[in-house]
Number of protein chains: 2
Amino acid sequence: MGKQGSNATKDAEVIAPFQSHVHDHGQCVADAISAAETRCAEDGSSFTPLRREVLELVWSSHGPIGAYELLEKLRDSRRNAAPPTVYRALDFLMEHGLIHRIESLNAYIGCGDPERHHGAQFLICRDCQSVAELDDKAIGRAVTRRADALGFDVEQQTVEVIGQCADCSAREPDDRK
Amino acid sequence: MGKQGSNATKDAEVIAPFQSHVHDHGQCVADAISAAETRCAEDGSSFTPLRREVLELVWSSHGPIGAYELLEKLRDSRRNAAPPTVYRALDFLMEHGLIHRIESLNAYIGCGDPERHHGAQFLICRDCQSVAELDDKAIGRAVTRRADALGFDVEQQTVEVIGQCADCSAREPDDRK
DNA sequence: TTACGTATGATATATTATAACATTCAGAGT
DNA sequence: ACTCTGAATGTTATAATATATCATACGTAA
Ligand SMILES: [Zn+2]
Ligand SMILES: [Zn+2]
Ligand SMILES: [Zn+2]
Ligand SMILES: [Zn+2]
């Protein structure tokens with residue numbers, strides 16, 4: 001599998017880095033679809049044409065994308081797609097770990113390592129909207145340690161960090177105090 | 001200031017614990033309003049009757065509450081309140097660190113320590129909807145450490161943890177796998 | 001064949017949030 | 001006192017996001 005600059009296999013902590021501006025986009029999408037097929041086959045779940053198409057659209061944006069933006073694109077091929085069409089597909093893809101929802105953006109993004117169950121944290125650039133997906137054990141542990149101390153049983157962590165990515169800092173030195 | 005079981009002053013890491021079912025609710029609200037007055041006086045910002053009333057309503061729920069639920073309650077005293085009425089007040093209260101927004105619930109909650117700027121993490125019980133507000137340095141550091149390594153400049157962290165609080169685990173032993 | 005479950009189609013509506021323009025009002029400067 | 005200004009609020013409309021509900025299609029197991 002290509003893995004296009006992702007170091008998911010060698011160091012799971014960074015699942016998907018900020019995408020450089022030049023990379024083989026088609027390959028990204030193809031890899032994601034292929035991984036999804038594998039995952040769904042294992043799960044015994046049905047990766048239908050509609051679900052595949054929605055996943056392709058999520059990946060083709062290669063960044064967070066909203067449900068209604070997906071709906072518009074989906075309508076290129078399915079004239080009468082409606083909100084439930086896309087929300088159902090998104091639900092399926094989330095349940096099977098193929099995409100993640102970014103709560104603070106009301107948007108969805110392809111998972112960089114769908115074959116492995118994992119926690120996820122996101123670094124979101126406020127300028128270029130690119131996103132890095134992490135599975136930082138130290139972050140996860142810090143959360144569960146504190147939760148344990150309070151007798152809280154963690155089921156799901158949402159960690160979303162807004163800021164400025166390295167490329168954008170370099171491009172525009174950033175004068176805010 | 002009462003601080004009703006909060007240990008904000010002695011150990012800043014837990015800003016607001018899960019509220020026990022019996023506590024002096026009126027005192028909670030009064031403390032919050034009083035802290036808000038202090039904070040706004042320092043900021044030179046105007047803590048108007050409307051803003052005060054919305055903050056009281058946020059606190060009186062003593063848990064996360066949605067904008068439209070606030071709007072309904074607000075209408076008891078202001079018959080023609082409209083969405084912008086409450087959203088503007090919420091924006092003000094957030095800008096001044098008096099409330100936080102819980103992204104994963106589209107809801108708002110009073111800040112347990114408005115006099116101190118702080119990062120915030122939330123533990124949210126899926127059963128009783130109670131919320132603990134933390135300012136866990138270890139979590140914050142774990143995030144910034146990883147971000148630094150990637151050259152990412154952190155501006156804002158959203159950490160929201162869904163799970164089951166101690167009281168609810170005790171009450172219902174929880175059989176999910 | 002029938003019955004059933006899963007997926008999708010289709011329509012309507014709920015929920016959350018913002019845009020845009022009008023009005024009020026208090027304080028600063030004249 | 002007059003006027004200007006900026007902040008706050010009032011008012012109406014609409015955008016953006018998400019779900020409820022019922023109908024239809026289709027593969028498959030009894
Ligand atoms: Zn992932
Ligand atoms: Zn950037
Ligand atoms: Zn707080
Ligand atoms: Zn609970």
Side-chain angles (χ1 to χ4, degrees), chain A residues 36-37 40-41 43-58 61 63-96 98-109 129 158 160, chain B residues 36-37 40-41 43-58 61 63-96 98-109 129 158 160:
Chain A
E37 277 166 351
C40 288
D43 289 6
S45 61
S46 76
F47 192 53
T48 65
L50 172 61
R51 290 162 177 174
R52 166 190 302 254
E53 201 173 339
V54 171
L55 183 59
E56 280 169 358
L57 291 175
V58 169
S61 94
I65 183 171
Y68 279 74
E69 199 181 338
L70 282 170
L71 178 54
E72 269 186 31
K73 295 187 190 229
L74 187 58
R75 280 179 167 151
D76 288 348
S77 65
R78 297 174 177 256
R79 280 237 310 289
N80 42 13
T85 314
V86 65
Y87 279 104
R88 283 169 183 153
L90 290 171
D91 286 347
F92 173 90
L93 296 171
M94 279 192 289
E95 276 162 15
H96 293 81
L98 301 173
I99 62 173
H100 297 283
R101 173 174 163 84
I102 311 276
E103 296 290 346
S104 54
L105 299 177
N106 293 335
Y108 306 82
I109 189 168
Q129 282 73 56
T158 297
E160 300 174 5
Chain B
E37 278 167 350
C40 288
D43 289 6
S45 61
S46 75
F47 191 53
T48 65
L50 172 62
R51 289 163 179 176
R52 167 190 305 252
E53 201 173 339
V54 171
L55 183 60
E56 281 170 359
L57 291 174
V58 169
S61 96
I65 183 171
Y68 279 76
E69 197 180 340
L70 283 170
L71 178 54
E72 269 186 31
K73 297 188 187 223
L74 187 58
R75 280 178 166 152
D76 288 348
S77 64
R78 297 175 177 255
R79 281 237 309 291
N80 43 13
T85 313
V86 64
Y87 279 105
R88 283 170 185 152
L90 290 171
D91 286 347
F92 173 90
L93 296 171
M94 279 192 289
E95 275 162 16
H96 293 80
L98 302 172
I99 63 173
H100 297 283
R101 173 175 164 84
I102 311 277
E103 296 290 346
S104 54
L105 299 177
N106 293 334
Y108 306 82
I109 189 167
Q129 282 74 56
T158 298
E160 300 173 5

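What you are looking at is a predicted structure, and each value in this text was computed from that prediction instead of being measured. Here is how names work: the chains are called A, B, and so on, in the same order as the sequence lines, proteins then strands, and each is numbered from 1.
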Would you mind classifying the nucleic acid contact of [X] as base, sugar-phosphate or nothing, using non-hydrogen atoms under 4.0 angstrom?
X       : value
B/Phe47 : nothing
B/Arg51 : sugar-phosphate
B/Arg79 : nothing

Under 4.0 Å between a side-chain N/O of [X] and OP1 or OP2 of [N], yes or no?
X        : N      : result
B/Arg88  : D/dA7  : no
A/Thr48  : C/dT8  : yes
B/Arg78  : D/dT9  : no
B/Arg101 : C/dA17 : yes
B/Ser46  : D/dA7  : no
A/Asn80  : C/dA10 : yes

Whether B/Tyr68 stacks on the six-membered ring of C/dT16 base, 5.5 Å and 30° limits: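 The ring of B/Tyr68 is stacked on C/dT16.
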
query: Using centres under 5.5 Å plus planes under 30 degrees as the test, is A/Tyr87 stacked with D/dT19?
result: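 According to the criterion (under 5.5 Å, under 30°), no, A/Tyr87 does not stack.
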
task: Could you tell me whether a side-chain N or O of A/Glu160 sits under 3.5 Å from a main-chain N or O of A/Glu103, the two making a donor and an acceptor?
output: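 Side chain of A/Glu160 to backbone of A/Glu103: a pair is present.
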
query: Would you say A/Arg101's side chain and A/Met94's backbone share a donor-acceptor pair under 3.5 angstrom?
result: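 A pair under 3.5 Å: no.
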
Interatomic distance, [X] [atom1] vs [N] [atom2] [rounded to whole Å]:
X        : N      : atom1 : atom2 : result
B/Asp91  : D/dA8  : CG    : P     : 12 Å
B/Ile65  : C/dA17 : CD1   : P     : 13 Å
A/Leu71  : D/dA15 : CG    : P     : 16 Å
A/Arg52  : C/dA7  : CZ    : C1'   : 16 Å
A/Arg75  : C/dA10 : CZ    : P     : 11 Å
A/Leu50  : C/dT6  : CG    : C1'   : 13 Å
A/Glu69  : D/dA15 : CD    : P     : 17 Å
A/Tyr108 : D/dT17 : OH    : P     : 9 Å

query: Between D/dA18, D/dA20, D/dT11, which one does the side chain of A/Pro84 approach most closely?
result: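 Among D/dA18, D/dA20, D/dT11, the one nearest the side chain of A/Pro84 is D/dA20.
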
query: Considering only D/dG10, D/dA18, C/dT11, which nucleotide approaches the side chain of B/Thr85 most closely?
result: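 Side chain of B/Thr85 sits closest to D/dG10.
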
field: Of A/Arg75, A/Lys73, A/Arg78, the residue whose pairing with A/Glu53 passes salt bridge (Lys or Arg N to Asp or Glu O under 4.0 Å)
entry: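 Of all the options given, the one that passes is A/Arg78.
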
- prompt: Got a second to check how far B/Ser45's OG is from B/Leu98's CG, nearest 0.5 Å?
  reply: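 So the gap between those two atoms works out to 7.5 Å.
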
- prompt: How many angstroms lie between atom OH of A/Tyr108 and atom OG of A/Ser61, to the nearest 0.5 angstrom?
  reply: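 A/Tyr108 OH to A/Ser61 OG: 13.0 Å, rounded to 0.5 Å.
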
query: Got A/Leu70 and A/Leu90 here, is their nearest side-chain heavy-atom distance under 4.5 Å?
result: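 Side chain of A/Leu70 against side chain of A/Leu90, heavy atoms only: contact under 4.5 Å found.
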
field: DNA chain D: 5'-proximal contact among B/Ala81 and B/Asn106 (nearest heavy atom)
entry: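 Nearest-nucleotide comparison on DNA chain D picks B/Ala81.
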
